[in-house]
Amino acid sequence: MSIADFDFNLSTRCDFHTHTHCSDGQLSPAQLLERAENFQIDVLAITDHDTTAALDIANRYILEKSLKVTLLTGIEISTMWQNFEIHIVGLNIDPDHEAMKTLVASQQAARESRALQMGEKLAKCGFENMTEKAKALAGDGSITRAHFARVLYNEGRVSNMQAAFDKYIGKKQRAFVKPLWCDVARAVDVIHQAGGTAVIAHPMRYDMTSKWLRRLILDFKAAGGDAMEIVLPQMSPDQRRLMLTFCLEYDLYASLGSDFHFPSKWSDLGRNLTLPEQVKPVWSLWR
Ligand code: AMP
Ligand code: MN
Ligand code: MN
Ligand code: MN
């Protein structure tokens, strides 16, 4: 079914932020869809990091298996804003639009060159061939820091994935390389050209003060941005209240998603995802 015909309401089971192994998710598009079907998700967006590769595969799988779930096309674009890495989700995009294909190509080139430099820095930390190994894990998909973290963990160099970020590849750490992402305005513009809706991803996760977050929202609005995610699992009640306040105050549409990367008790597909009644749901833009 096309999204324009979908009859959304507040009890529709939606998850508008998920990853597959086309970026740093653990499941294939088919496995993710099977999981969504089992969890009785009505509408699932796949939003891989800087790639739309999963969308065709997913669409074909839904047809082939006659799944009930409706796929919403998506992407999560990494951007740089005031030295913060901000993620902008594009929903209901045309992945074949030329502007989108051009942006994806340049983001992939930025990922490639960052991966090479990260490998050089990790070599200086005593870890050889990290880029090669991370790329082997990533396969044809987007190469991400999560792949480097996984290699460091698999080889017993760190005790968990988080430690890889804390010790080596996180901001300000020894093997951190400043990425050459596009800016927020470009991401919003390209999402719009591709017919989509631009959403600030997980606004509470940027480790910024409310003052900075307000500035980000104002710049995002000035660029024509549409919506922000205000419901994710693992948000504290305080965070939920604050993000709802910002969403209403700045008159943005509201989105929701699990940011699913792998099966887990705390942030599985569609888990505890319901928008509050006061907001304008992001799906009202698609009718
Ligand atoms: P990248 O987009 O290549 O910089 O990779 C970042 C990805 O690594 C995120 O999308 C997360 O899935 C994952 N990740 C896990 N822990 C962290 C962390 N502490 N900081 C940043 N990213 C993390
Ligand atoms: Mn990720
Ligand atoms: Mn993100
Ligand atoms: Mn994500």
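Remember, it's 1-based here, ligands and their atoms both numbered in the order they're listed. Small disclaimer: the values here were computed from a predicted structure and weren't measured. All values below come from the heavy atoms of this structure, side chains included, with hydrogens, waters and symmetry mates left out.
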Q. Nearest protein heavy-atom contact for atom 14 (N) of ligand 1: which residue, which atom, what distance?
A. Phe165 CZ, 3.4 Å
Between [X] and [Y], does any side-chain donor sit less than 3.5 Å from a side-chain acceptor?
X      : Y      : answer
Trp81  : Asp219 : yes
Trp283 : Ser255 : no
His192 : Asp226 : yes

Close-contact set for ligand 1 against [X] heavy atoms, below 4.0 Å:
X      : value
Thr144 : 3 (O), 5 (O)
His261 : 12 (O)
Ala146 : 8 (O)

What N, O or S atom of [X] is found closest to the Mn ion (ligand 4)?
X      : value
His17  : NE2
Asp259 : OD1
Glu76  : OE1

Give the contacting part of [X] toward ligand 1: side chain, backbone, both or neither, where contact means a heavy-atom distance below 4.0 Å.
X      : value
Met161 : neither
His19  : neither
Arg114 : side chain
Asp24  : side chain

Q) Are Ile217 and Lys221 close enough that some pair of their side-chain heavy atoms sits under 4.5 Å apart? A) yes
Q: Flag the pair Ile88 / Ile86 as yes when at least one side-chain heavy-atom distance between them is below 4.5 Å, and no otherwise.
A: yes
Q) For ligand 1, is there an N or O atom under 3.5 Å from any N or O atom of Gln162? A) yes
(Q) So, regarding His49 and ligand 1 (criterion: nitrogen or oxygen to nitrogen or oxygen, under 3.5 Å), is there a contact or not? (A) yes
(Q) Cation-pi check for Phe176 against Lys171: NZ or CZ below 6.0 Å from the six-membered ring centre and within 45 degrees of the axis, yes or no? (A) no
Q | Metal proximity, His19 vs the Mn ion (ligand 4), N/O/S cut-off 2.8 Å | A | yes
Q) Can we say Arg186 and Asp189 salt-bridge, meaning some charged N sits less than 4.0 Å from an Asp/Glu carboxylate O? A) no
Q: With the Mn ion (ligand 2) as the reference point, give the N/O/S atom of His261 that is nearest.
A: NE2
**Q.** Plane angle bin for His49 and His19 - parallel if under 30°, tilted between 30 and 60°, otherwise perpendicular
**A.** parallel
Q: Could you check whether the rings of Phe246 and Tyr250 sit parallel, tilted or perpendicular, using 30° and 60° as the cut-offs?
A: perpendicular
Q) At their closest point, which heavy atom of Leu44 faces which heavy atom of Ala36, and how far apart are they? A) CD2-CB, 4.1 Å
Q) Should one rank Glu85, Arg111, Arg145 by closest heavy-atom distance to atom 2 (O) of ligand 1, which comes out on top? A) Arg111
(Q) Just to verify, what does Asn9 make a side chain to side chain contact (heavy atoms under 4.5 Å, CB included) with, not counting sequence neighbours? (A) Ser11, Thr12
Q: For the atoms OD2 of Asp24 and NE2 of His49, give the angle they form at the Mn ion (ligand 2), rounded to 10 degrees.
A: 100°
